[in-house]
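Have a look at the structure below before the remarks.
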Number of protein chains: 2
Amino acid sequence: MKIALDAMGGDFAPDCTVLGAKLASQEISDDIKIVLIGKEDLLKAKLKEYDVTSPSIEIFHADEVIEMGEHPTKALSQKPTASIPVGYGLLKSGAVNAFCSAGNTGAMHVGAMFTIKAIEGIIRPGIAGFVPKESGGFGVIMDVGANADCKPDVLYQFGEIGSLYAKHVLEIDDPKVGLMNLGEEEQKGTLLTQAAYQLFKLSKKFNFIGNIEGRDLFNEKADVIVCDGFTGNVILKMAETFYDLLEKRNIKNEFFDSFNYEAIGGSPILGINGNVVIGHGVSSAEAIKNMTLLAIKMAETNIHLKIKDHLGD
Amino acid sequence: MKIALDAMGGDFAPDCTVLGAKLASQEISDDIKIVLIGKEDLLKAKLKEYDVTSPSIEIFHADEVIEMGEHPTKALSQKPTASIPVGYGLLKSGAVNAFCSAGNTGAMHVGAMFTIKAIEGIIRPGIAGFVPKESGGFGVIMDVGANADCKPDVLYQFGEIGSLYAKHVLEIDDPKVGLMNLGEEEQKGTLLTQAAYQLFKLSKKFNFIGNIEGRDLFNEKADVIVCDGFTGNVILKMAETFYDLLEKRNIKNEFFDSFNYEAIGGSPILGINGNVVIGHGVSSAEAIKNMTLLAIKMAETNIHLKIKDHLGD
């Protein structure tokens, strides 16, 4: 199995990506290879600098880099040999089983849509995030930013996709799906959540447990939290900030450590024909390691095929 | 000055309301009276039980109680002598300068709209919440639940109203108004936030500083955070939950103490012809005290008149 890592993506690349790959290589079995995508000479020098000799790490050359601030569509068409399009090329051809990057998020998203594309029948692929649960482990929240405005049927598919992800990747049996809302009652909420509720409650595809509220994010009510990308983005950034506020005040606690974005390292794009994880621009080596391990876990479970197979069941 | 407190409102009324009034009475000047609205015999007995002899506390009889689960409009028409409609009656007649309740939120909201009514020109009154700021003090967030779906012009008015509130009640000079969004750039967000941005940036009525994100809630970027009631509700409940999660783990910290809903005690309804504060159903005596003090502060600044006067400036 091969996992492609965009070695040029992220504010601290290629140092943190090389170091992250090194950390990941120490935790994986021999049959898994991490393919660093980027400028070969530079990466070779960095591997030497950081004393990386693991046979699990390979390099695949990519001439250019899409910078963080570049316009996604323009950059992709003007730089076809940059690490992001090269990574998608490898993923599409089947040369690698997953692709992850802490680089330009927009380019990662657009790149997915134009190369490996959405699974047939998926209205809108989304980005999943993770929220730590008080009982241990994580829940899935979807969407966290790819689709600011959503229609009810899009939310419904997020329920399906999120449920499959929770089942196969997080290994949660019969995951509970909650609809993020401002009250528990069926008739509460926006026109969107009211209409979505009516679709959700008829679902035989996932275990809908009703509306949940902002106070339920970290409790056991729901394993999968469905919301539009606007709401999910606010929630995810707020949760990360909570960790930062605690850290600034030197408050250490095992549960709150899981609010650190590094603990998971990345957010999968779900509903596309391949396993793709997007990392934070500020990714540290620890974050890159965890993003890579998450991509491996997704490739091992072949979650994209599970989603494809179960769609329209 | 007289402040009406719904003595029958909240899960722990009338015990916590009487005790809260007692606590508040110890912090106010002699010219302020707290008027407990509710069943006279019961309240007299409670005042005796809790040894309340303050001359600052009066009772105004109300026969009935609107329970927490009752349908607002139905309850208001079927129980015109309940504490909530009686409180609004006193407020409308000018017998009291503010009215606060930890009772049925819907009945408080509908009651406001049908008695003292929205200020002419206000499209939709909203409920303001408070977010603790790292530098000390609080920022205002509006709306936190009255209007799940909003139009851009409604958000624009929240910017105006929130700015006046921050200036006059929180005493923040030239308050910075931020639009809650999923990215900083002008073109980011939902159709709603994109359109609202275009209105906001032309504003001469308030100091618009641009989009803010979930990570900016507690920092100094904005004193006033504008969002639809759905988003604000999720944010407020999530912030309260942070406090609960810390408390459960016995983590004490001055800054995080201000995440406790008790620290402010209530959320004002803004854009109506009177000073009204709604409290949490679970309000403790401490929360009732702070809700009452907030209502006094609003009455002292006559914020509802400031909003009325500045509208359409």
Side-chain angles (χ1 to χ4, degrees), chain A residues 69 71 105-106 127 131-134 143-150 180-183 185 187-194 212-219 225 227-246 248-256 259 261, chain B residues 69 71 105-106 127 131-134 143-150 180-183 185 187-194 212-219 225 227-246 248-256 259 261:
Chain A
H71 187 277
T105 304
I127 300 176
V131 286
K133 289 291 183 179
E134 285 197 77
D143 178 25
V144 297
N147 308 283
D149 285 298
C150 290
M180 181 51 64
N181 209 333
L182 49 64
E185 301 86 346
Q187 73 281 7
K188 284 272 174 102
T190 55
L191 296 175
L192 170 66
T193 59
Q194 287 171 17
I212 62 163
E213 300 172 75
R215 64 169 64 98
D216 301 316
L217 279 160
F218 312 110
N219 68 25
I225 296 154
C227 58
D228 60 79
F230 183 87
T231 306
N233 188 275
V234 171
I235 287 173
L236 201 71
K237 284 176 179 160
M238 199 172 154
E240 284 177 10
T241 296
F242 190 53
Y243 174 80
D244 295 339
L245 292 172
L246 287 164
K248 262 194 210 171
R249 286 159 185 79
N250 280 314
I251 299 172
K252 287 277 165 204
N253 174 284
E254 200 184 335
F255 172 60
F256 291 115
F259 281 71
Y261 82 94
Chain B
H71 187 277
T105 304
I127 299 176
V131 286
K133 289 291 183 180
E134 285 196 78
D143 178 24
V144 297
N147 308 283
D149 286 299
C150 289
M180 181 52 64
N181 209 332
L182 48 64
E185 301 85 347
Q187 74 283 5
K188 283 272 174 104
T190 56
L191 295 174
L192 171 66
T193 60
Q194 288 171 17
I212 62 162
E213 300 172 75
R215 63 169 65 97
D216 300 316
L217 279 159
F218 312 110
N219 67 24
I225 295 154
C227 58
D228 60 78
F230 183 87
T231 307
N233 188 274
V234 171
I235 287 172
L236 201 70
K237 284 176 179 160
M238 199 172 153
E240 285 176 11
T241 296
F242 285 155
Y243 175 80
D244 296 338
L245 292 173
L246 288 164
K248 262 193 209 170
R249 286 159 184 80
N250 279 314
I251 299 172
K252 287 277 163 204
N253 175 284
E254 201 185 334
F255 171 61
F256 289 112
F259 281 70
Y261 82 96

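Taking CD1 of A:Ile225 as the start and CZ of A:Phe218 as the end, the distance is 8.0 Å to the nearest 0.5 Å. Taken to the nearest 0.5 Å, the CG atom of A:Leu191 stands 11.5 Å off from the CZ atom of B:Phe230.
Under the rule for a ring-ring contact (aromatic ring centres under 6.0 Å, His included), the partners of A:Phe256 that lie at least two apart in sequence or sit in another chain are A:Phe242, A:Phe259. Partners of B:Glu240 by side chain to side chain donor-acceptor pair (under 3.5 Å), not counting sequence neighbours, listed by chain and number: B:His280.
Crowding of B:Gln187 atom CD: a count of heavy atoms from other residues, nucleotides or ligands under 6.0 Å exceeding 12.
Contact tally against chain B (heavy-atom pairs below 4.5 Å) for A:Glu134, A:Lys188, A:Lys237, A:Met180: the top residue is A:Lys237. With chain A as partner, the option from B:Leu192, B:Ile235, B:Leu245, B:Asn219 having the largest number of non-hydrogen pairs under 4.5 angstrom is B:Leu245. The greatest number of non-hydrogen atom pairs below 4.5 Å with chain B, out of A:Leu182, A:Asp228, A:Thr241, is found for A:Leu182. Residue with the most contacts toward chain A among B:Thr190, B:Asn147, B:Asn233: B:Thr190 (heavy-atom pairs, distance under 4.5 Å).
Using a 4.5 Å cut-off between heavy atoms, B:Leu236 makes no contact with chain A at all. With a 4.5 Å cut-off on non-hydrogen atoms, A:Thr231 touches chain B through its side chain but not through its backbone. Contacts between B:Asp149 and chain A at a heavy-atom distance below 4.5 Å involve backbone atoms as well as side-chain atoms. Heavy atoms of B:Asn181 lying under 4.5 Å from chain A belong to its backbone as well as its side chain. Only the side chain of A:Arg249 comes within less than 4.5 Å of a heavy atom in chain B; its backbone stays farther off. Interface residue A:Leu217: only side-chain heavy atoms are found under 4.5 Å from chain B.
Taking both residues in full, the closest heavy atoms of B:Gly229 and B:Cys150 are given as N-SG, 4.2 Å, listed atom of the first, atom of the second, then distance.
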(request) Take B:Ile251 and A:Asn253, measure what side-chain contact (heavy atoms from CB on, under 4.5 Å) needs, and give me the verdict at the end. (result) CA-CA 9 Å; B:Ile251 299 172; A:Asn253 174 284; 3.9 Å; yes
